[in-house]
Amino acid sequence: MEQQIVSALRQSLHRIVLVLVSFLPGILAFLLALVVFVLIGWGLAALLRRVLTSLRFDERLIASDTHGTTNVLSDWSSSSSPTRLAARIAFWICVLLGIAVGIIAFDASYSADSQYSIFLLPYVAHITGAILILLVGSLLARFLSRSVLIGAVNSQLHYARFLSLGIKWLVLVLAAAMALDHLHIGGAIVELAFGILFGGIVLTLALAVGLGSRDLVTRSIEKTMEKPAVVPTELTPRDGADSRPKLRHF
Amino acid sequence: MSPTSFQDAPLEAPATPAGVADILVCLPSLSSEALQVSLETIAATFPGEPILVASPNVLPTIDTDQPNPNNLSTLTLIAHPADNSSSPGWVLTASDYASAAALASSYNTPTLMLLGAQPTSPAFLRALADSSRSMIDLTVPRFNIGPSDSLVNSALLYPLTRALFGADIHFPLPIDAALSPRMAQRLASSAQRLIAINQGGSLLWPAAEASVAGLSIREIDAEGTLPPSPPQVDFNTLFGSVAGSLFTDIEARASFWQRARPLPVRPLSTPFAPSIEAEIVSPDILSIIENFHIAQANLQEIWSLVLPPQSRLAFKKLSQLPPSAFSMDPALWARTVYDFCLAFHLRTLNRNHLLGAMTPLYLAWVASHLRSVADDPTRAQQSIEQTAAAFESEKSYFVSRWRWPDRFNP
């Protein structure tokens, strides 16, 4: 009995070691391919940056830009010159290539059961898609939260930061839910959780805006009824003796 | 007089012989009454002198054979197509300069005058023309403003133009201007670049243009008139567009203003303390200070990307002052504007966000300025001069930051 248990354990251990040994070259090949392509990407990005800087690529692009596309690009990127953007794109293309080559190398080295690589390759594509969704979501969240924050501050809303945070988390939660859905993780649980979270944030914001800015809404209604509303930055005299505004910014 | 419509008429070869008049006056789109008043003013200013007047309006025909009670017979009216769709109407835009320069070139007039919609006095018109005839390339008006007028101009446009371009022009965004042919051509070529990308309504900075080209500039008193008010649009939008346009111009001319050049010697103005009346802060100023407090509490994250720690510390201290002691150091304001200009150039963050985040700081300057000048025009003038002087003395800070931006990052 005891010998049978020991034998069963040894056999299972042996099998695991065998599986590991058969996996190891594939993993090493994957890592090696990734490291090599990351190094190539790093070098290529540095070279590209140097060449484009010496060619004054940014200045030339701005000078020849007749449709304002440079402004649009740089407005949406975090810090950025077109040169830096091109270098980053080159680097990440190399990284993605390295991942693809690594998976193929993994497939070649572990030929006993090719189902793993067949399963992994599309999943990597899904992961890449999910990362892109998260990236775009975080950029959009930051852009919108800053827009709301600055707009609210200039409208003299005391809860500007709260509004901005609400918008930021709304977009982030949406992006996270989309990424998880893209990865087929969670299924109905994610949808349900997203619905609850999204609805909760919207309800909170609605309550905050509704309760906190009654004056603003009143002023807005008055404005639509063609009553003069006080614009905080163009202050007008209260006595009406002088028709000229008290403060003239321009 | 029977009105003749020239509104949609294309710009054709001049029917009037070139060189028939030595002054071309370009008017904006006006009502028929205002146009009549303008024509009479021009005729009264230059009696007996042949004057070309261009207007996008429905022009009256002037019968030179009939005795004319208003003496308009010396005026030759011509039509010019104006791009009213994009023009803000309160300052001259790229399309205004381009169309006026094209007309001046067609009619070969040595003096080009662009006038705004507000009524002008004959003395001002005469001074404008005389300045241009005395070989001054750019002549712009200087308005007599009150302590709470043209605040963006006093806080931003005038000090930056004076410090960076060495042009002591108090209103760098003119609505009236007299241009020499070479100045008109320079402005037209800059305007054409903007029109080519469908931005004819963009602002141009003629004082900077003249300064860079080494052309002469003069400002003349427009006594009794105030600068025209912009159309009723959101202040934040207007502030962003004007400040953004100026920062873009500064960015484009970086190679010029980075070169060291001696600044003109000016008499030192004595610092002044707020008067006793200034201790009573008006509700308007309190409202602006409140806006600054909200910004101080909420915009730290954005300001930290633009401003160095010492400036943020100074603003923190400013926010803790009671309204009766609210006073912003002109040097702090100058460094702040320069920091925002640099962030605009480096695209540290979205440019609309950047200019939006600058608005509360500008309002803080407004509160400090209004509190200190206490409705006294002389003190207001002193305050504006001190602000401009601070921009000049902090220029080296701007140049250093522009050249080595990373050195200042925390």
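In what follows, every heavy atom counts, from backbone to side chain, and hydrogens, waters and symmetry copies are set aside. What you see is a predicted model; the values in this text were computed from it and never measured.
- Taking a 6.0 Å sphere around CH2 of B:Trp402, one finds it holds more than 12 heavy atoms contributed by other residues, nucleotides or ligands.
- Listed for the B:Asn236 side chain is no donor-acceptor partner under 3.5 Å among the backbone atoms of A:Gly151.
- No donor-acceptor distance shorter than 3.5 angstrom exists from the side chain of A:Gln156 to the backbone of B:Ile288, with no hydrogens or angles considered.
- Only one option out of B:Asn350, B:Thr359, B:Leu299 pairs with A:Ile150 in a side-chain contact (heavy atoms from CB on, under 4.5 Å); it is B:Leu299.
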**OP:** Take A:Arg248 and B:Leu151, measure what side-chain contact (heavy atoms from CB on, under 4.5 Å) needs, and give me the verdict at the end.
**Re:** CA-CA 6 Å; A:Arg248 282 186 47 154; B:Leu151 293 165; over 6 Å; no
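- Heavy-atom proximity under 4.5 angstrom to chain B picks out A:Ala160, A:Arg161 from residues 160-173 of chain A.
- Looking at heavy atoms from C-beta onward, B:Phe235 lies in side-chain contact with A:His249 at the 4.5 angstrom threshold.
- Proximity to chain A involves both the backbone and the side chain of B:Asn298, based on heavy atoms less than 4.5 angstrom apart.
- At a 4.5 Å heavy-atom cutoff, B:Pro147 makes no contact with chain A through either its backbone or its side chain.
- Counting non-hydrogen atoms of neighbouring residues, nucleotides and ligands closer than 6.0 angstrom, the CD1 atom of A:Ile189 reaches no more than 12 such neighbours.
- Once rounded to the nearest 0.5 Å, the distance linking CZ of A:Phe143 with CG of B:Leu349 reads 10.5 Å.
- Minimum heavy-atom separation, A:Asn154 to B:Gly356: ND2-O, 3.2 Å.
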Original post:
Would B:Ile302 and A:Leu149 count as a side-chain contact (heavy atoms from CB on, under 4.5 Å) if you check the C-alpha gap in whole Å, the side-chain angles of each, and the deciding distance to 0.1 Å?
Top reply: CA-CA 10 Å; B:Ile302 294 175; A:Leu149 179 68; 4.0 Å; yes
Subject >> Step-by-step side-chain contact (heavy atoms from CB on, under 4.5 Å) determination, A:Leu247 to B:Leu370 >> reply: CA-CA 10 Å; A:Leu247 277 188; B:Leu370 292 178; 3.2 Å; yes
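- Both the backbone and the side chain of B:Leu238 come within less than 4.5 Å of a heavy atom in chain A.
- Qualifying side chain to side chain donor-acceptor pair (under 3.5 Å) partners for B:His353, counting only residues two or more places apart in sequence or in other chains: A:Ser147.
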**OP:** Before giving the answer on side-chain contact (heavy atoms from CB on, under 4.5 Å), spell out for A:His158 and B:His293 the whole-Å C-alpha distance, their side-chain angles and the decisive distance to 0.1 Å.
**Re:** CA-CA 10 Å; A:His158 285 269; B:His293 285 159; over 6 Å; no
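- The side chain to side chain donor-acceptor pair (under 3.5 Å) check on B:Ser150 picks up nothing, with sequence neighbours excluded.
- Every residue two or more places apart in sequence or in another chain that forms a side chain to side chain donor-acceptor pair (under 3.5 Å) with B:Ser245 is listed here: B:Trp205.
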